[in-house]
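Throughout, protein chains are lettered first and strands after them, A, B, ... in sequence-line order, and every chain is numbered starting at 1. Computed from a predicted model, the values in this text were never measured in an experiment.
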Number of protein chains: 4
Amino acid sequence: MKNAPLRGIVSYPITPFLEDGRVNLELLRELVERQVKAGVHAIAPLGSTGVLPYLTDEEREAVTETTVKQVAGRVPTLVGVSSLTTERTVHHARFAERAGATAVMIIPMSYWKLTDAEIVRHFDTVAKAISLPIALYNNPATGGIDLSPEVISKVLEIPNVTMVKESTGDVNRMHRLVQLAGESVAFYNGSNPLALAAFVAGARGWCTAAPHLIPKLNVHLYEAIERKELDLARALFYRQLPLLQFIVKHGLPRAISAGLELTGTRVGPLRAPLLPLEAPQVEELRRILVTLEVLRA
Amino acid sequence: MKNAPLRGIVSYPITPFLEDGRVNLELLRELVERQVKAGVHAIAPLGSTGVLPYLTDEEREAVTETTVKQVAGRVPTLVGVSSLTTERTVHHARFAERAGATAVMIIPMSYWKLTDAEIVRHFDTVAKAISLPIALYNNPATGGIDLSPEVISKVLEIPNVTMVKESTGDVNRMHRLVQLAGESVAFYNGSNPLALAAFVAGARGWCTAAPHLIPKLNVHLYEAIERKELDLARALFYRQLPLLQFIVKHGLPRAISAGLELTGTRVGPLRAPLLPLEAPQVEELRRILVTLEVLRA
Amino acid sequence: MKNAPLRGIVSYPITPFLEDGRVNLELLRELVERQVKAGVHAIAPLGSTGVLPYLTDEEREAVTETTVKQVAGRVPTLVGVSSLTTERTVHHARFAERAGATAVMIIPMSYWKLTDAEIVRHFDTVAKAISLPIALYNNPATGGIDLSPEVISKVLEIPNVTMVKESTGDVNRMHRLVQLAGESVAFYNGSNPLALAAFVAGARGWCTAAPHLIPKLNVHLYEAIERKELDLARALFYRQLPLLQFIVKHGLPRAISAGLELTGTRVGPLRAPLLPLEAPQVEELRRILVTLEVLRA
Amino acid sequence: MKNAPLRGIVSYPITPFLEDGRVNLELLRELVERQVKAGVHAIAPLGSTGVLPYLTDEEREAVTETTVKQVAGRVPTLVGVSSLTTERTVHHARFAERAGATAVMIIPMSYWKLTDAEIVRHFDTVAKAISLPIALYNNPATGGIDLSPEVISKVLEIPNVTMVKESTGDVNRMHRLVQLAGESVAFYNGSNPLALAAFVAGARGWCTAAPHLIPKLNVHLYEAIERKELDLARALFYRQLPLLQFIVKHGLPRAISAGLELTGTRVGPLRAPLLPLEAPQVEELRRILVTLEVLRA
């Protein structure tokens with residue numbers, strides 16, 4: 001059995017910024033602390049939520065160090081190390097290893113659509129440069145390439161590629177992955193509205209930014225599944241679904257930042273080209289958070 | 001609460017043909033009898049599996065009468081009455097009602113993409129012509145139109161449209177339908193590989209042609225869900241998944257006919273333009289049936 | 001060189017109906033007469049515009065006979081004979097031949113997606129039953145199957161399948177067809193907004209319902225291309241483009257019927273499930289026709 | 001009339017690398033020189049062909065300076081300055097201006113899908129920071145966002161955004177752009193197999209990497225269009241089409257590098273994750289180049 005050190009709610013912090021555009025490491029520490037205390041099962045800095053591709057190398061390193069230090073081993077950390085080139089991916093993977101990350105996550109960010117051979121070589125080169133377990137991340141909506149279950153199972157033959165985060169939002173992909181890679185494959189769901197279906201299909205965890213706003217609901221859903229309480233799990237899922245749909249529809253950094261502002265945490269500007277949600281969207285989010293009793297009416 | 005008289009495994013018989021091209025009503029009776037005896041919870045003649053659009057009006061009427069008579073009230077019947085024109089749909093809906101069907105199913109078969117207003121008017125006209133409950137059937141892959149959850153929930157405002165069969169294969173559609181039409185909406189899954197995810201999302205039934213070959217496995221999956229035995233349900237699902245994927249990939253009439261031949265039931269020719277599966281596909285199906293212990297190695 | 005007896009503007013009449021729902025053969029004769037007199041190069045009854053799939057066998061036969069008789073050999077006729085089953089397609093192809101059609105057109109209407117072998121067999125069976133030249137029609141938006149250039153070029157190996165009508169709206173399909181079937185392949189464009197690009201790519205004709213409203217503009221575009229007057233062709237194309245886009249967007253039978261009403265020809269009801277355009281759409285069409293000087297402001 | 005200083009064949013050099021991974025500026029100079037001497041009408045460094053997103057800031061600056069200096073005003077230069085963040089895009093746009101570029105090209109590279117407001121703000125910020133004319137570049141296949149004609153025409157309201165490069169490969173987009181932005185809009189085609197259709201639709205230029213291999217054929221096609229010789233243009237187009245299809249299918253940097261190697265120019269390694277074409281593909285390319293008489297049999 002491969003070393004897949006993650007399960008449950010894998011929480012993705014945003015990268016907050018100061019008014020002058022620099023990363024707000026202090027607020028990052030606070031957000032991470034809140035999520036760990038709320039009971040999430042892992043912390044994953046530098047994901048899509050953390051606007052990884054919009055950060056400089058130095059900013060990425062600071063976020064990595066800050067997060068790993070703040071978590072301080074209470075839960076595992078999964079650090080995003082993706083870059084457009086293989087060389088930069090290796091650089092960041094090595095940095096994460098030295099910084100004490102539990103595992104690293106890599107999405108083969110595309111500009112040119114990569115061939116299967118290029119994808120395998122990319123992962124293989126990074127995998128040989130570190131000894132941490134690696135999670136392959138498939139998300140065509142952001143990364144620009146769609147890795148088929150067939151390619152994913154090929155990459156899984158690399159010894160320290162031990163986990164798969166699937167974000168296509170199609171549960172059939174997960175079925176196919178189980179069929180190809182075996183029932184013990186450690187796969188994680190990255191499409192929020194698929195949380196229930198993915199757990200039922202056998203996902204070990206749920207990668208989500210929702211714990212910024214509803215950590216208890218996220219954790220309770222996972223626990224209900226663990227205890228096989230199907231009716232409770234379904235009820236918890238449908239309860240949080242409107243928020244999950246909203247944050248996916250409007251983009252995680254925009255939506256989570258707006259939600260934090262609504263709940264009293266001053267988040268700074270988004271990094272351009274991103275812009276904050278417009279007023280009608282903020283109002284829609286407010287109503288959802290009132291229904292969830294995160295905000296008072 | 002609307003009258004939705006179906007639940008569980010809703011079994012779709014093929015329409016078998018004689019060598020001279022006529023419908024083989026005798027074999028139809030036998031297939032229906034086997035499925036009822038195997039414990040399925042409803043019988044649905046004249047679905048896509050039953051090649052509804054390839055039959056003449058007279059053939060459709062004969063299949064309807066034969067099936068309803070053979071079932072003889074032991075389980076409910078859901079009769080497909082779709083036609084390209086509203087006038088012919090009304091005709092067949094009335095015939096099904098007179099023949100004693102429990103409910104009718106209508107897919108808005110398209111040639112010209114229908115507008116929302118046309119879809120609603122089509123259902124409304126049929127609904128007013130009969131008093132049976134109606135199941136709306138959404139399957140863009142065969143019908144050529146994709147009904148959004150929004151349109152479906154609008155059609156559900158018609159009093160005797162009480163059920164929805166969703167065959168897009170996207171569990172998010174079912175979530176959305178529950179959100180729009182309320183938790184009591186009676187929806188059924190028509191995408192075989194989504195059987196597990198759909199039940200967990202709240203589907204009342206699974207519309208499937210698989211009971212021609214593996215009725216027990218189909219029924220056991222439903223029963224495991226009913227008893228909230230999640231691990232068992234998952235195991236039963238993954239066990240039958242290769243067959244479900246195969247019959248969807250190769251087309252239900254072709255794949256089920258090949259499976260029946262392999263298991264010893266002489267089915268006649270398919271109606272042209274359909275052709276039987278080619279030899280390598282039949283061999284693949286044979287291997288799947290051996291693994292499922294439907295055939296001996 | 002194969003016998004491809006069509007070129008230029010191939011005009012597709014609607015099938016008009018009387019208030020009681022029967023086909024209005026008298027008005028059909030008048031519409032055909034107008035189009036022939038306006039100078040179109042062929043008449044094609046029972047296309048998508050003629051709501052072929054919504055007609056009974058008897059209605060189709062009456063439309064075929066009426067149109068061929070009215071045209072009276074002044075231009076070629078291309079009669080749609082498609083049906084869901086091969087047997088009915090043969091029936092209508094034979095009828096068209098006896099009625100004196102110049103050629104027949106066949107779209108492999110799908111319900112079940114047909115395999116390549118099924119498509120070839122379907123055309124082969126019909127082709128052997130008649131001696132007329134056959135036009136293969138590819139239009140996934142209405143027919144439900146998308147025939148690749150590879151499959152089309154395979155069907156073109158059948159001796160009396162001599163023409164291809166391509167309606168995907170992708171000029172690259174036409175390039176590919178020329179590459180596969182040779183520069184002498186007789187292909188026709190069925191996507192109105194592609195009229196200019198298709199002629200430039202080598203299309204012999206343009207299959208269109210627009211001559212109900214702007215026959216002169218349609219014919220002039222073709223003539224400008226024939227005379228290699230590229231700037232004039234481009235100007236004529238952009239002039240009529242808004243109308244072409246409108247009739248495609250709203251569906252040919254709905255849009256053409258509305259346009260005929262606006263220009264003073266009383267067309268009866270559409271056949272259900274189709275409904276007439278709504279008032280804002282009619283107003284948009286009116287403005288387009290005013291700009292084209294078909295109507296006065 | 002806006003200042004759109006480009007027309008004809010806009011040639012996109014690859015960025016060649018040395019064996020040690022550094023950019024090969026000497027070979028870049030030679031490739032640029034060849035293309036200018038062969039008669040192309042503009043040179044566009046740092047496009048997709050030039051693997052812009054895989055270069056460091058320093059490498060991009062070196063490529064910009066080297067190219068502009070080598071061209072030395074003989075033809076206009078169009079320098080790619082896109083980055084994921086607005087801040088870095090401004091940086092590179094300013095650098096290109098100081099280096100003497102004629103114009104800059106910007107594709108809104110996405111990770112998060114950008115909203116319309118974000119796209120407009122992104123272009124507006126860059127446009128205010130420089131005084132050069134800007135070409136908006138739409139290519140969802142590489143950039144990850146698809147800009148609708150409506151958004152593009154909105155961005156064109158910014159005074160120094162004066163040109164549009166459209167690479168969706170759908171000529172209807174160009175029609176729509178002309179309708180929205182007026183017949184004087186300066187649009188350029190970036191989809192090689194659409195070269196003929198785009199010129200006929202009114203494109204001022206063709207952005208292409210093909211001049212690395214067949215500059216004369218590219219230029220002759222443009223000249224035939226300029227002289228309104230439609231039959232010659234069509235013949236020249238179909239002649240070069242197999243090469244255009246090949247380089248698009250296999251990715252411009254991979255395919256052009258392979259072609260250069262076949263024709264005797266030693267190009268170094270591609271930057272990882274990209275890998276060279278495999279042997280069967282190189283052989284296919286060789287055959288195409290033999291047919292085009294670029295190589296001897």
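Taking B:S48, B:G143, B:G251 one by one and counting their heavy-atom pairs under 4.5 Å with chain C, the maximum is reached by B:S48. Interface check for chain C: of the options B:E278, B:R121, B:H250, B:H122, the most heavy-atom pairs under 4.5 Å are formed by B:R121. Your options are B:S110, B:P108, B:A117, B:P253, and the one with the most heavy-atom pairs under 4.5 Å with chain C is B:P253.
Of all non-hydrogen atoms in B:Y111 and C:Y137, the two that sit nearest each other are OH-CE2, 4.3 Å. Across every non-hydrogen atom of B:K113 and C:A141, the tightest pair is NZ-O, 2.8 Å.
Remark: side-chain polar atoms of C:W112 are not paired, donor with acceptor, to backbone N or O of B:P273 under 3.5 angstrom.
When heavy atoms are compared at a cutoff of 4.5 Å, B:L252 approaches chain C by way of both its backbone and its side chain. Of the two parts of B:I107, only the side chain, counted from C-beta on, holds a non-hydrogen atom closer than 4.5 Å to a non-hydrogen atom of chain C.
One distance of note links CG of C:L275 with CG of B:D116; it measures 11.5 Å at 0.5 Å rounding.
Of residues 83-96 of chain C, those residues lying under 4.5 Å from chain B by any heavy-atom pair are C:L84, C:T85, C:T86.
Looking only at side-chain heavy atoms (C-beta outward), B:T115 and C:R254 come within less than 4.5 Å of each other.
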